[in-house]
Structures are given as C-alpha cells and as structure tokens.
J.: 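Right, I'll just put the structure down here and ask away after.
Every chain is numbered from 1, with letters handed out A, B, ... down the list of sequences.
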Number of protein chains: 2
Amino acid sequence: MDEAELSATAQDYVKVVWSATEWTDTPVTTKFLSQRLNVSAPTVSENVRKLVTAGLLEHEPYGAITLTREGERRALQMVRRHRIIETFLVTQLRYGWDEVHDEAEVLEHACSARLIDALDGLLGHPRRDPHGDPIPSPAGEVDAVEGVNLAAAAVGRWVVTRVSDADPEVLRELAALGVVVDARLTVLRPGEDGSGPRIEVDGGAPLDLPAPAASAVWLLPEARA
Amino acid sequence: MDEAELSATAQDYVKVVWSATEWTDTPVTTKFLSQRLNVSAPTVSENVRKLVTAGLLEHEPYGAITLTREGERRALQMVRRHRIIETFLVTQLRYGWDEVHDEAEVLEHACSARLIDALDGLLGHPRRDPHGDPIPSPAGEVDAVEGVNLAAAAVGRWVVTRVSDADPEVLRELAALGVVVDARLTVLRPGEDGSGPRIEVDGGAPLDLPAPAASAVWLLPEARA
DNA sequence: CGGGGAAGTTAGACATGCCTAACTTGTAGC
DNA sequence: GCTACAAGTTAGGCATGTCTAACTTCCCCG
C-alpha cells in the first residue's frame, strides 16, 4: 500500500502483466514476459522473484504469473500514464498514432504524478486514448469496454471502438484504409480461420482485410454505439 | 562526433560543467561536481575518468575539469532540452517558475529529439526560457546575454533580463516582489559587500532587497532593452 | 507410460553507478 | 621550507539489471 518508488523495470513488469489480460486471457509465463520485455528468460525469473518478494506479483514455480492487488494498482497507474502521454502526443504535438508508443514507453517512467495530472487537465480528462483504449482514473477504475473482434464479427453494420496498438505497421495500414476509432463500416463477409473478412468502410470501396489486421480491430454494433 | 546515446549520468556531468561557466567563471573541480550532483568525490573521480576516455571532458589530475568541443556540443543539447521543457511546463501547464526545475531535470533525459523539436514548435521557437536564460539553437548556438548583476548595479533605471533559477526559494521571493523577467525597476541605492541594494519595482514601493536575492537578478539599462 | 524437447530455474559473470575507508597530493600559513 | 589540512584519488565493495551456460521440471506424443 506504500507509495515507494518502483524502478522503471518493476513498473514495466506489472504493466505488461496487466496488459496481457486486458483484451485476451493470455497466460503470463516467463517466456511471454521475456519476449515482450526483450530480455532473457533468466532475467525474467530473477526479476519476477524480486517482485514476488515486493508483494506485487504472485508466481507458482513453473506456472502462471499474476498480479497481487497492490501490483494491479501500480500497473493501472502506469497504464494511465502511458495512455495520457499518448493522447497528449497525438492531439497536441501531432504525432501519428502509430508513432507514439515508444516515446510514451520512456516518458511514463519520467513524468511526475503532478505532470500526469496537468496533462490530463490540458487534454480535458479524456476517457479514451487515440487507439480507443480506456484511460484508468487516478483511483484505478477502468471503463469496461465491450466489443467484438473484427476477425470474428458477423455480417452487418459496426462502429470501430478500438484499434490495437501492438503493431505500428498494422496501425498505419488500417489508418490508410480509414479504419480508425469511431469509423463506421459494414462487414460483407465474415473472416474465418486464416482468411480475413471483406468489409466496406463508409465512404470507401469494399476490400478484403488481411486476418492479422482484422484481429487488431474491435467493434460495437452500430445500434449500440 | 558520433551521436551515440550518452547515459543520463554522462549527460548530467557535461551539462553541469557547461552551466558552471555560463554566468560566472566558477572553476570546475571534483568537489564542485560532487556537491552539485549530490554524489561522493570518488564517484566524480571515477565518472570524470570515464568521460575523459569518452572524449567529452579534459582533466589534469588534481586540477580543472573542462569540456572538449564534443562535450560542449552535448552539453548544449541538454541545456536546450532543459530550457524548452521548463518553458513548456510554465506556459502550457501552468507550473510556477519555481517549480519546474526538478521535473525538467528528469524529463530532459527521457525526451526524444523529435519530442523536443515538437515542443519547440508548439511554443513558437522561444529564444528565452521563463527565467530569461537563452535557449540554445538545435545547432548549439546561444544568444549572448549581456547584463549587470543587481547586487552590483548602479543607481538608475533598469529592465530585468534574467533571474537565476538556482534557488527556488529566492525565485518565489522575487516573484512575490514583482521582480520577474521584463519587469522595470529603479535602483535607489546600490548594493555593497554583504548588504543588498534598495530598489523600487515599477508600480510598487521602495524596498531593501537581501543580497542573496539581488545577486540572482540580472539587468540591462532601460535605454538598451 | 516413458523419453525427449520446450520451458523454467540456478549459477556465475559483467557493466554501471554508487558508496566508505584509506591513501596521496597540493598548498597556505607559520 | 615545512607541516597540517583540504582536496583528490585509489581500492574494494554493494545494488540493480543484464547475460550465457548448465541443470531441472513439465508434459505431450509415440
């Protein structure tokens, strides 16, 4: 519960663990963290052990790595920071939404709580970042985001509520096609295993979307948006 | 000449060495750096040795520490970053000018070159920061700033061109008295060794300024401002 | 149901940046 | 000029975070 400063490394670990379960139920393993954080497996083992001691993570040997309540609280602080910074870069400094991730990754460890709050105020207390991801409140509350993945969406009219920022290349590709947050589109033919759906973005021509791109897009039925 | 990333530590060292000679000719010694950087003397010895090897500093043993041409170039990059960030915090996020130093101290190591340029653009390419310190150009050119120290200024009419940000407490005190950049004032009685000057800020009452506060203020004759 | 490969862990090493303790150097004042 | 003390350096150690090599555990598949 204490507010001692965590190292940038510790902050990264809890954030990545939390992020793994935001949209999917990816089990968090040593290998997963090792790939996501670009460090070797032994490094993860070592650091996870320390974070277990620090009360932020739980880990059954050879098994899953999960957040404690305190770990989740700290993770949400980092997610809030990250998304506020991204929103600032895009809306105030005209960064492309595919260019902000790395910058935010560094800045989130360097900004004081006061600076984050000041940015939040400057931006008008946004609820979503430019990708459509919800921004946790200072207290750590996250708006529930319902949505259907475009790779599995049925034929019909939809509104884009979120585009995953995991792959900047995909982000650029989708932006070029007009698939951005709040865009309206029609699914003409649903995607199936391995093949993407056929869609038509309002104001554009029908097109076949590659499966990887489609799975980065989340939708709400037009009626509910 | 290469643009390899310097560690935050290395960036701090060259910046502090440069800053020591910006307004005064303080000789840069191990002890000076040790106090300014809040580390022990052996730590400074060690790190200076590394920076000499890296070609950023020169150091005659037991003697003065100076910048190489390359060291100065890197120092000016850091000063530019620091002052742009401070300007941003004050003008866009409503930080008090006595509150920005520590925040900028951290951020200057975390911002990409692109972010600095974007902030510079957002601010309209300012030539001075909120304290009146000149902002080096991207190429490392610094506007020459002439000025007389208020502690030694003669009787007459002056314009404040700069207030040293070394001591936040002094900064607050001066701001409360109306002694801010671009303020006009009259020196009624010059300061002398140990005793501050008597001044009158335009629109205010005459007052005796403590010597430490006076020595933080730099002036230009009203006629030349 | 047992062997083999993938995943995970342990062990030992290294780089950076920091410290204290002990030693060396330079110099100011007698 | 010599000495005492401040300043500087060297030596040795610690914390964090990283690695590779070697070993252990798990579990899937034949």
J.: So, is the end of the Arg162(B) side chain (NZ or CZ) under 6.0 Å from the ring centre of Trp23(B) and within 45° of the ring's axis?
T.: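 Arg162(B) over Trp23(B) ring: yes.
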J.: Return the set of residues passing side-chain hydrogen bond (donor to acceptor under 3.5 Å, both in side chains) with Arg81(B) (not counting sequence neighbours), or none when no residue passes.
T.: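 Partners of Arg81(B) by the side-chain hydrogen bond (donor to acceptor under 3.5 Å, both in side chains) criterion come out as none, since no residue qualifies.
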J.: Which pair of non-hydrogen atoms, one from Ala213(A) and one from Val170(A), has the smallest distance, and what is that distance?
T.: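 Heavy atoms of Ala213(A) and Val170(A) come nearest at CA-CG1, 4.0 Å.
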J.: Would you tabulate the nitrogen or oxygen pairs shorter than 3.5 Å linking the protein to nucleotides 21-26 of chain D?
T.:
unit_1, atom_1, unit_2, atom_2, d
dT25(D), O4', Tyr62(A), OH, 3.3

J.: Rounding to a whole Å, what distance do you find between Glu60(A):CD and dG8(C):C1'?
T.: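 Rounding to the nearest Å, CD of Glu60(A) and C1' of dG8(C) are 13 Å apart.
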J.: Whether Arg114(A) engages the ring of Tyr95(B) as a cation-pi pair (distance to the six-membered ring centre under 6.0 angstrom, angle to the ring normal within 45°) should be assessed.
T.: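 Verdict for Tyr95(B): a cation-pi partner in Arg114(A).
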J.: Kindly state which residues belonging to residues 43-59 of chain B come within less than 4.0 angstrom of DNA chain D, counting heavy atoms of the residue only, listed by number.
T.: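 Correct list: Ser45(B), His59(B).
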J.: Can you pull out the residues from residues 9-40 of chain A that lie within a 4.0 Å heavy-atom distance of DNA chain C?
T.: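 By residue number: Thr29(A), Thr30(A), Lys31(A).
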J.: Salt bridge between Glu70(B) and Arg73(B), side-chain N to carboxylate O under 4.0 Å?
T.: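 Between Arg73(B) and Glu70(B) there is a salt bridge, with a charged N closer than 4.0 Å to a carboxylate O.
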J.: Under a 4.0 Å threshold between the charged nitrogen and the carboxylate oxygen, would Asp120(B) count as salt-bridged to Arg80(B)?
T.: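 Looking at Asp120(B) together with Arg80(B), the answer is yes, because their closest N to O distance falls below 4.0 Å.
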J.: Show the numbers, then the answer: is there a side-chain contact (heavy atoms from CB on, under 4.5 Å) between His131(A) and Arg83(A)?
T.: CA-CA 9 Å; His131(A) 309 294; Arg83(A) 293 181 180 170; over 6 Å; no
J.: Residues in ring pair (Phe, Tyr, Trp, His ring centres under 6.0 Å) with His59(A), at least two apart?
T.: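 Testing His59(A) for ring pair (Phe, Tyr, Trp, His ring centres under 6.0 Å), a comparison that skips the adjacent residues, returns none.
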J.: Counting only N and O atoms by type, is there a donor-acceptor contact under 3.5 Å from the side chain of Thr161(A) to the main-chain atoms of Trp218(A)?
T.: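 Such a contact is found between Thr161(A) side chain and Trp218(A) backbone.
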J.: According to the side-chain hydrogen bond (donor to acceptor under 3.5 Å, both in side chains) rule, which pairs have a member within residues 37-49 of chain A, sequence neighbours left out?
T.: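 For residues 37-49 of chain A: Tyr13(A)-Asn47(A), Ser40(A)-Thr43(A), Glu46(A)-Arg49(A).
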